[in-house]
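Keep in mind that the numbers below use all heavy atoms, side chains included, and drop hydrogens, waters and symmetry copies.
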Amino acid sequence: MNKEEIVAWLRTTDVEKQEELWKMADEVRRRNLGDDVHLRGLIEISNSCARNCWYCGIRADNAELERYRMPADEILASALEAVSYEYGTIVLQAGEDYGITLEWMEKLIRRIKSETDLAVTLSLGERSEAELAAWRKAGADRYLMRFETSNSELYEKIHPPLPGKGSDRIQLLKRLREIGYEIGSGVMIGIPGQTYEDLANDIELFRTLDLDMIGVGPFIAHSGTPLGSADVCPNAPEGIQVPNTEEMTYKVIALTRLACPLANIPSTTALATLNIKTGRELGLARGANIVMPNMTPRRYRAMYEIYPAKACIDETAADCRACMRGRILTTGRSIGSGRGDSRNKKDKVA
Ligand code: SAH
């Protein structure tokens, strides 16, 4: 599918055409990956952050927020809980928190890997090459870092670099692959200023980066951020600006599945936030094969408010497990066992 075709799909409002897209994506998912849905336990280990991204509620300048960093023992307890829930993977996510040092993280990864068979995914932002290599050596398997948008002008605006440091996530993703990680990335959908053409470029970039995991979700404005006030970053002209809707998110999931048949694609929390009743299920029915139940201890959840009214904020890890399993089974899919490694990487190595 070329870029013009992707743009045409993104723009279509024809319900029958959309149905056709959902069907194609579901079929490609089924043929390549089967019916298993893998669960990744998400542990939001710190909301401290050095950066000031214009979209994100845990940005450094948000003084309203109480900050936390989970102690290592507590993270390990969550990892053991993930084992008891038969999850094959945990995702350790945080703000770009330099209080998480190379040594501290290295020790934590080694503990988790020696006490469990879990695959460990890190999502800790743009860390140094030395840190990324040390954490891989300690046993971390995968790294998740969205490039947010392939429009470099928009990216530079909404994702200011740290003083004296450039921010090239696309380059860093390539390095992560060389270091030996499975790599995951993705974008937000409907960022003010993001055009249909930009979004089609994003999907093409997923393919050329040859990603193992691709997470996409709607942009949700947070009042404590610059993008929370419309005048800072205006929308592209009407008809060109991508809307941050549920429907657009399904289109991007489906088109991503067609572009990257073997990638692991989650049905995300941001999507569930727009449609708490059936968003997860519809994501799974339109190309996704992964869900990421939240395992963050309940007392921290409200503090990891990257966007407002985030789904699952009042639940416990056990609630989220029961909810996700129920949703998967009622859609006629099965629960994946094992680590759910990327078929993309495996098939290439084989
Ligand atoms: N510090 C890590 C993790 C960030 S949170 C990093 O920067 O990679 C994970 C993802 O949440 C971000 O990559 C971004 O795509 C998404 N996110 C942040 N703010 C959001 C918002 N307002 N609406 C929707 N998604 C958002």
Can you check whether Gly57's main-chain N or O pairs, donor with acceptor, with Asn62's side chain at less than 3.5 Å? yes
Indicate yes or no: does Arg51 engage Glu126 in a salt bridge with an N to O separation below 4.0 Å. yes
pair Arg280-Thr269: side-chain heavy atoms closer than 4.5 Å: yes
Heavy-atom side-chain proximity of Met188 to Thr149 below 4.5 angstrom: no
Below 30° counts as parallel, above 60° as perpendicular, anything between as tilted: where do the rings of Tyr250 and Trp22 land? perpendicular
Within residues 292-317 or reaching into it, pairs that qualify as salt bridge (charged side-chain N to carboxylate O under 4.0 Å, His left out) - sequence neighbours excluded: Glu44-Lys310, Glu74-Arg299
Heavy-atom side-chain contact between Met105 and Glu131 under 4.5 Å: no
Once you round to the nearest 0.5 Å, how far does SG of Cys312 lie from CE of Met292? 11.5 Å
Are the side chain of Asp35 and the backbone of Ser334 linked by a donor-acceptor contact shorter than 3.5 Å? no
Whether the Asn344 and Asp210 side chains hold a donor-acceptor pair (N or O, under 3.5 Å, no angle test) is what I'd like checked. yes
Do Leu76 and Leu42 sit in the same hydrophobic cluster, where Ile, Leu, Val, Met, Phe, Trp and Tyr count as joined when their side-chain heavy atoms come under 4.5 Å apart? no
Are more than 12 heavy atoms from other residues, nucleotides or ligands located less than 6.0 Å from atom CD of Glu178? yes
Checking the side chain of Gln194 only, and the main-chain atoms of Ile191 only, is there a donor and an acceptor separated by less than 3.5 Å? yes
Lys3, NZ: over 12 other non-hydrogen atoms inside 6.0 angstrom: yes
Check for a donor-acceptor pair, side chain of Arg67 on one end and backbone N or O of Ile58 on the other, with a separation under 3.5 Å. yes
By ring-ring contact (aromatic ring centres under 6.0 Å, His included), Phe206 pairs with (sequence neighbours left out) Phe147
Side chain of Arg30, backbone of Gly34: donor and acceptor closer than 3.5 Å? no
Quick one: side-chain contact (heavy atoms from CB on, under 4.5 Å) partners of Asn235, sequence neighbours excluded? Pro192, Gln241
Any idea which heavy atoms bring Ile43 and Ala79 closest together, and the distance? CD1-N, 4.2 Å
Side-chain contact test, heavy atoms from C-beta onward, threshold under 4.5 Å: evaluate it for Leu258 versus Leu21 and give yes or no. yes
Locate the shortest heavy-atom distance separating Ala200 from Leu10; write the atom from each residue and the value. N-CD1, 4.0 Å
Return each pair, listed once, that meets ring pair (Phe, Tyr, Trp, His ring centres under 6.0 Å) where at least one residue sits in residues 87-143; pairs must be two or more places apart or across chains. Tyr85-Tyr87, Tyr143-Tyr181
Between Lys23 and Asp26, does any side-chain N to carboxylate O distance fall below 4.0 Å? no
Check for a donor-acceptor pair, side chain of Asn289 on one end and backbone N or O of Ile265 on the other, with a separation under 3.5 Å. yes
Keeping Ser123 on the side-chain end and Gln93 on the backbone end, is there a donor-acceptor pair under 3.5 Å? no
Is Met145 close to Ile183 at the side-chain level, that is, under 4.5 Å between some pair of heavy atoms? no
Between atom CD of Glu19 and atom CG of Asp14, what is the distance when rounded to the nearest 0.5 Å? 10.5 Å
Decide whether Asp202 and Ser150 meet the rule of one side-chain donor and one side-chain acceptor closer than 3.5 Å. yes
Tyr304: which residues meet the ring-ring contact (aromatic ring centres under 6.0 Å, His included) condition with it, sequence neighbours left out? none
Taking the six-membered ring of Trp54 as reference, does the cationic atom of Lys157 (NZ for Lys, CZ for Arg) lie under 6.0 Å from its centre and within 45° of its axis? no
Side chains of Met1 and Leu255 in contact at under 4.5 Å (non-hydrogen atoms): yes
dist Leu122:CG -> Ile109:CD1 (nearest 0.5 Å) comes out at 4.5 Å
With distance as the sole criterion, is a donor-acceptor pair present between the side chains of Tyr155 and Ser167 under 3.5 Å? yes
Quick test of your reading: applying salt bridge (charged side-chain N to carboxylate O under 4.0 Å, His left out), list the pairs with at least one residue in residues 235-255, sequence neighbours left out, ordered by first then second residue. Glu247-Lys251
In short, Ile189 meets Thr249 closest at the heavy-atom pair CD1-CA, 3.8 Å
Within a 6.0 Å radius of atom NZ on Lys165, are there more than 12 heavy atoms belonging to other residues, nucleotides or ligands? yes
Indicate whether the side chain of Arg142 and that of Thr89 have a donor and an acceptor atom separated by less than 3.5 Å. yes
Determine the minimum heavy-atom distance between Leu124 and Ala94, stating which atoms define it. CD2-CB, 3.8 Å
So, do Gln171 and Lys174 sit near enough that their side-chain heavy atoms are less than 4.5 Å apart? yes
Looking only at atom types and distance, does a side-chain atom of Thr12 sit under 3.5 Å from a main-chain N or O of Trp9, one as donor and one as acceptor? no
Interatomic spacing from OG in Ser46 to CE in Met70 - rounded to 0.5 Å: 10.5 Å
Result of checking Glu4, Arg11, Glu5 against Val7 for side chain to side chain contact (heavy atoms under 4.5 Å, CB included): Arg11
Ile90 side, atom CD1; Thr121 side, atom OG1 - distance, nearest 0.5 Å: 8.5 Å
Cluster check Ile290, Ile328: I/L/V/M/F/W/Y, side chain < 4.5 angstrom: no
Heavy-atom pair of closest approach, residues Val91 and Leu144: CG1-CD2, 4.2 Å
Taking Ala140's backbone N and O only, do any of them form a donor-acceptor pair with Arg136's side chain (distance below 3.5 Å, no angle check)? yes
Answer whether the closest heavy-atom distance between the side chains of Ile158 and Leu227 falls below 4.5 Å. yes
Counting distance only, does the side-chain N/O of Thr225 pair as donor-acceptor with the main-chain N or O of Ala221 below 3.5 Å? no
Taking every non-hydrogen atom, the tightest pair across Pro293 and Arg40: CD-O, 3.2 Å
Same apolar cluster (I L V M F W Y, side chains within < 4.5 Å links), Leu108/Leu118: yes
Taking atom OG of Ser185 and atom CG of Asp212, what is their separation to the nearest 0.5 Å? 11.0 Å
